[in-house]
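Below you'll find the structure, written out as structure tokens, and then a few comments.
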Amino acid sequence: MIWYSKEDIDKLDSLPDFNHIMKNDSKVKKIALDVAKKNALFRKAARDALNLKQKAAYEKRTKDIKTDPKVILFSTFDGRSYGDSPKAIYEYMLSDSRFDDYTFIWAFRNPKEYKFLLDNKNTYFVQPMTSQYYAACATAKYWLFNYRISDFIYPRDEQVYVQLWHGTPLKRLGYDIAISDNIMNSQKEIREKYKIDADKFRYILAPSEFAGEKFASAWNLNAIGKADSVLVAGYPRNDFLINYTADDVESIKTELEIPRDKKVILYAPTWRDNQHDSELGYVYEPEADFDKLREALSDEYVILFRAHYLVANSFDFDRYEGFVWDVSGVSDINRLYIAADMLMTDYSSVFFDYANLKRPILFYMYDFDAYANSIRGFYVDIDELPGKIVKTTDGVIDEIKGIDFDGFDFEKEYPNFRPKFNYLDDGSASKRVAEAVIEEL
């Protein structure tokens with residue numbers, strides 16, 4: 001077997017660190033990135049040259065590998081974690097006897113973190129950007145990814161790339177971004193990335209007709225004759241939010257040592273296109289005044305802070321111990337959703353999913369004017385948002401203190417939201433998607 005089994009993992013003292021696999025000379029890389037930020041021509045030339053080199057190498061490595069119709073390759077956020085819709089579909093397949101003779105391969109940057117999965121039947125690991133990974137891409141008939149696959153890897157005609165994507169969009173995507181303030185990509189470059197991905201996938205999953213329309217526009221699918229690639233079937237990842245149990249809630253609260261006598265606020269902001277560090281990648285600095293929040297709320301509340309998966313910098317909340325938990329390392333955000341009594345976010349799509357729990361949502365948009373007008377722009381009218389918008393820490397405190405958790409009625413407050421965005425979140429999306437895309441069933 002060319003990919004890692006449980007026995008392989010146990011025998012190895014250590015697997016190669018993904019950062020080591022990807023590492024170039026740090027000084028050279030930093031200089032190149034600094035130049036790339038300022039010079040679009042240099043950036044494009046460097047990317048095109050690297051892409052051509054990698055594509056040729058991939059095709060040479062894999063030309064003699066046959067595609068197996070009963071091998072499925074999974075990846076969540078480019079190997080960063082185990083969660084989202086790839087996890088939901090995988091776990092559904094484990095429970096369905098129709099998949100007993102299928103082989104499941106997971107791509108993880110740090111496979112040892114997920115060694116427990118290798119106790120599952122027919123499950124193996126690879127690391128992205130390794131020879132095993134390239135072999136897995138060539139072998140697997142099905143690629144189930146929730147993030148773009150590398151530009152230089154293309155599926156064969158018989159392979160089925162399913163773009164599961166990772167959220168109903170609030171902020172504009174791809175071809176719909178009128179103004180790009182992304183420090184690493186111009187509007188033209190963003191569109192090119194989306195075109196490359198659209199050329200590859202057989203399906204792009206949409207949780208609703210609304211999202212399907214936006215995806216078709218963002219990936220320019222009508223123009224390239226792929227409008228029928230949109231699969232409107234609900235989000236498999238949200239099956240858990242319909243089917244979870246009290247034991248699931250107790251498990252995550254015990255794991256994180258969350259006090260049972262306080263309300264839990266999940267704070268999950270998104271990343272900013274215009275905040276990038278040449279050594280780390282995209283970065284984020286919380287704008288909330290945690291000193292003020294602690295003084296006003298710590299008697300009754302705790303905060304779980306969850307950074308976006310693209311944010312590379314770490315956070316030091318030691319001075320707020322007992323009030324703020326950094327839960328950015330929890331792979332599956334669904335487990336945080338069910339533990340939280342309310343959600344606070346900004347422009348992240350997390351609120352679409354959290355709405356399934358029918359709990360309070362607050363939008364802390366301190367940079368609303370810049371984000372709406374200069375960075376991305378929105379698909380959803382702000383009047384449709386299922387919660388209040390505040391722009392200051394004082395506003396956050398006032399709104400949280402004013403919530404009547406016992407009397408809160410989501411359907412009464414926002415009667416049109418779930419029928420528009422969550423009507424397919426019924427606990428069975430994983431089954432629907434698997435049956436729609438796996439041709440051998």
Side-chain angles (χ1 to χ4, degrees), residues 74 76-77 81-96 98-99 144 146 162 164-170 203 205-212 231-256 258 264 266 268 304 306 327 330-343 345 348-361 380 384-387 405-406 408-438:
F74 298 88
T76 302
F77 298 124
S81 64
Y82 173 63
D84 211 79
S85 290
K87 173 185 176 180
I89 297 172
Y90 165 72
E91 293 186 350
Y92 164 73
M93 290 178 171
L94 288 176
S95 72
D96 187 331
R98 292 178 293 177
F99 294 94
L144 302 187
N146 78 334
V162 185
L164 296 169
W165 203 238
H166 46 268
T168 297
L170 169 63
Y203 301 100
L205 178 64
S208 64
E209 290 290 347
F210 168 85
L231 174 62
V232 180
Y235 264 153
R237 68 182 185 197
N238 289 342
D239 289 349
F240 177 77
L241 300 181
I242 307 302
N243 300 323
Y244 78 93
T245 67
D247 288 341
D248 293 320
V249 178
E250 184 62 25
S251 173
I252 184 63
K253 286 191 172 184
T254 299
E255 177 184 322
L256 297 177
I258 298 173
V264 179
L266 174 60
L304 307 183
R306 165 76 173 210
V327 293
V330 176
S331 282
D332 191 347
I333 196 172
N334 273 342
R335 301 182 69 219
L336 303 176
Y337 289 153
I338 63 171
D341 296 287
M342 68 169 291
L343 170 71
T345 186
S348 171
S349 66
V350 293
F351 72 89
F352 289 103
D353 302 327
Y354 191 79
N356 283 296
L357 299 176
K358 305 177 188 178
R359 300 173 188 173
I361 300 172
V380 178
E384 292 185 275
L385 297 181
F405 286 91
D406 294 330
F408 181 75
D409 186 335
F410 187 97
E411 305 289 18
K412 182 179 179 180
E413 293 284 336
Y414 308 103
N416 300 318
F417 187 83
R418 294 185 67 247
K420 180 175 181 178
F421 300 108
N422 299 111
Y423 61 93
L424 287 171
D425 287 341
D426 58 2
S428 299
S430 296
K431 182 175 187 291
R432 279 197 299 276
V433 173
E435 291 181 341
V437 304
I438 304 299

### Task
Test side chain to side chain donor-acceptor pair (under 3.5 Å) on Asp248 and Ser251 and set out the steps.
CA-CA 5 Å; Asp248 293 320; Ser251 173; over 6 Å; no

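In this structure Asp341 satisfies the salt bridge (charged side-chain N to carboxylate O under 4.0 Å, His left out) test with no other residue, sequence neighbours excluded. Under the side chain to side chain donor-acceptor pair (under 3.5 Å) criterion, Glu250 pairs with Thr254, Arg260, not counting sequence neighbours. Contacts of Asp425 classified as side-chain contact (heavy atoms from CB on, under 4.5 Å), with partners at least two apart in sequence or in another chain: Tyr235, Asn238, Asn356, Asn422. Every side-chain contact (heavy atoms from CB on, under 4.5 Å) that Leu424 has, sequence neighbours left out, goes to Val232, Arg432. Partners of Ser331 by side chain to side chain donor-acceptor pair (under 3.5 Å), not counting sequence neighbours, listed by chain and number: Tyr114. Take Tyr90 and apply the ring-ring contact (aromatic ring centres under 6.0 Å, His included) test, not counting sequence neighbours, and it matches Phe74, Phe104, Trp106. Residues forming a salt bridge (charged side-chain N to carboxylate O under 4.0 Å, His left out) with Asp84 (at least two apart in sequence, or on another chain): Arg237. For Tyr244, the side chain to side chain donor-acceptor pair (under 3.5 Å) partners two or more places apart in sequence, or in a different chain, are Arg359. Residues satisfying the side-chain contact (heavy atoms from CB on, under 4.5 Å) test with Ser208, not counting sequence neighbours, are Phe210, Ala211, Tyr423. For the side chain to side chain donor-acceptor pair (under 3.5 Å) test, residues two or more places apart in sequence or in another chain that qualify with Glu435 are Arg98, Lys431. Take Tyr92 and apply the ring-ring contact (aromatic ring centres under 6.0 Å, His included) test, not counting sequence neighbours, and it matches no residue.
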Which donor-acceptor pairs under 3.5 Å do side chains of residues 411-418 form with protein atoms, sequence neighbours excluded?
residue : atom : partner : partner atom : Å
Glu411  : OE2  : Arg418  : NH1          : 2.9
Tyr414  : OH   : Gly387  : N            : 3.3

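Here CZ of Phe421 is found 12.5 Å from CG of Asp353. Values are rounded to the nearest 0.5 Å.
Looking at Glu255 and Arg335, a side-chain N of the basic residue comes within less than 4.0 Å of a carboxylate O on the acidic one, giving a salt bridge.
A donor-acceptor pair is defined here as one N or O able to donate and one able to accept, closer than 3.5 Å; such a pair exists between the side chain of Thr76 and the backbone of Gly83. Remark: side-chain polar atoms of Tyr354 are not paired, donor with acceptor, to backbone N or O of Pro360 under 3.5 angstrom.
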